[in-house]
Number of protein chains: 2
Amino acid sequence: MKLSTKSRYGVRAMFDMAYHAGTLPAQIKDISRRQNISPRYLEQIFQDLKKAGLLKSRRGPQGGYSLAKPADEITVREIVLAAEGELQLVDCVKNRRKKGEKEPACDFDNQCLTQHLWAKASQILGDYFDSITLKDLCDQGKEMGLEKELDHRFMYFI
Amino acid sequence: MKLSTKSRYGVRAMFDMAYHAGTLPAQIKDISRRQNISPRYLEQIFQDLKKAGLLKSRRGPQGGYSLAKPADEITVREIVLAAEGELQLVDCVKNRRKKGEKEPACDFDNQCLTQHLWAKASQILGDYFDSITLKDLCDQGKEMGLEKELDHRFMYFI
DNA sequence: ATTAATCTCTACTTTGTCTGTCAAGAATAA
DNA sequence: TTATTCTTGACAGACAAAGTAGAGATTAAT
């Protein structure tokens, strides 16, 4: 019943981007250093987030990733969903007969009381995650007096 | 972010016991047959539930397991907690320095915004599970017209 | 007392997922 | 042209989940 590191790192990384957002795209190496996440691994996570339409990227020098939408339009739910693949606490709730699977995930199918229980729980969890945006986290960060690191690349331009 | 089968089987099995409750203790083999759970595996799960004080057992012929409390005093949360071990969506919320562990689970410790986020989510989930008792599930079952299997052991006494 | 039914405990195996690492390639700004 | 950065896919080690198995302890019934 644990969230995977992909979800946790994903939220941390995207928060980091929103918090330190500048004019230039953010680079993996900076985010990974600030958040102490393996850069190679973060790349993978960002691929997922990009596929989900939460990030956009630019290659080449001065390239990097940036948020695909304003911070107040990106919810924790979207990030977790993209990283985790889905937001169900249990598999038997899922659609049957998706490609390749011949057996339903559960023998009792719709006769099952507990199925409804888990589905409701998953929904409650999703609703909570949906109520929190990256902007909310940034506001919290400011309140806490969390330091923003100066973008070292600005140094060259001053 | 999936619940383990221990939780799911545990809830199903305990619901089954509450729903089919008779004067005699329920036996593993009956529950496992009705709920289609490996009897050996169910034994293990029942050990956990017994340690948690949710079940009591009697050995020998006509032995078996029975609920340690009335069905309306056993919540889903208790069962999941006993089967899952804990109810936290992430580890970094846990107490540090428990036996053997030298490192904190997270480098940012209490400086972390997301830590609070996950803790709150875990709590919301726990609250929901706490609001549902075995009796609630039984009532639902009756409403749905879920069949009760006649206890075959009664046959001998009629 | 004996027997058969049942729970108890511990260890083992299998299987799969998580968490990363690595290498080679493609795109792009300077 | 070149250095930088993202892109993609393969791969591996560690760990936990899920289930199997066997030997033993307890007890009701005979």
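Hydrogens, waters and symmetry mates play no part in the numbers below; they use all other heavy atoms, side chains included. Lettering of chains follows the sequences in order, A, B, ..., and the numbering in each one begins at 1.
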Using whole Å, what does the distance between atom [atom2] of nucleotide [N] and atom [atom1] of [X] come to?
X: A:D48; N: C:dG20; atom1: CG; atom2: C1'; result: 14 Å
X: A:I31; N: D:dT5; atom1: CD1; atom2: P; result: 13 Å
X: B:Y41; N: C:dT13; atom1: OH; atom2: C1'; result: 14 Å
X: B:I28; N: D:dT26; atom1: CD1; atom2: C1'; result: 16 Å
X: B:K2; N: C:dT15; atom1: NZ; atom2: P; result: 22 Å

For this session: Scan B:F46 against the nucleic acid and name what it touches under 4.0 Å (heavy atoms): base, sugar-phosphate only, or nothing.
Result: nothing
Exercise. Base, sugar-phosphate, or nothing for A:K50, non-hydrogen atoms under 4.0 angstrom?
Worked result: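 Contact class for A:K50: sugar-phosphate only.
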Measure from the side chain of [X], starting at C-beta and using heavy atoms only, and say which of [options] lies closest.
X: A:S57; options: D:dT7, C:dT8, C:dG20; answer: D:dT7
X: A:R59; options: D:dG19, C:dT28, C:dT19; answer: C:dT28
X: B:Q27; options: C:dC9, D:dT20, C:dT6; answer: C:dT6
X: B:P61; options: D:dT20, C:dG20, C:dA4; answer: C:dA4
X: B:Q44; options: C:dT19, D:dG19, C:dC7; answer: D:dG19

Exercise. Does any donor atom in the side chain of A:D48 or A:Q44 lie under 3.5 Å from an acceptor atom in the other side chain?
Worked result: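 No, because no side-chain N or O of A:D48 sits under 3.5 Å from a partner of the opposite role on A:Q44.
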Exercise. With a 3.5 Å cut-off and no angle check, do the side chains of A:S32 and A:Y41 form a donor-acceptor pair?
Worked result: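 Judged by distance alone, the side chains do not pair up.
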Seminar exercise, completed: Between B:E84 and A:R58, the residue closer to the 5' end of DNA chain D by nearest nucleotide is A:R58
Problem set entry | A:G60 or A:Q47, whichever maps to the more 5' nucleotide of DNA chain D | A:G60
For this session: Step through the shown structure and confirm whether more than 12 heavy atoms of other residues, nucleotides or ligands are within 6.0 Å of NZ on A:K69.
Result: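 Yes, because the 6.0 Å sphere around NZ of A:K69 holds more than 12 heavy atoms from other groups.
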Problem set entry | B:L113 CG to B:L117 CG distance, which is reported to the nearest 0.5 Å |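 Nearest 0.5 Å value for the CG-CG distance: 9.0 Å.
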For this session: Establish, with yes or no, whether the OP1 or OP2 oxygen of D:dA18 is under 4.0 angstrom from a side-chain nitrogen or oxygen of B:T5.
Result: yes
Exercise. Quick one: is the NZ or CZ of B:K148 closer than 6.0 Å to the six-membered ring centre of B:Y19, and within 45° of its axis?
Worked result: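 Yes, a cation-pi geometry.
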Exercise. For the base of D:dT5, is there a side-chain donor-acceptor partner from A:E43 under 3.5 Å away?
Worked result: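 Side chain to base: no pair below 3.5 Å.
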For this session: Using only heavy-atom distances, decide whether a donor-acceptor pair under 3.5 angstrom links the side-chain of B:R40 to the base of D:dA18.
Result: no
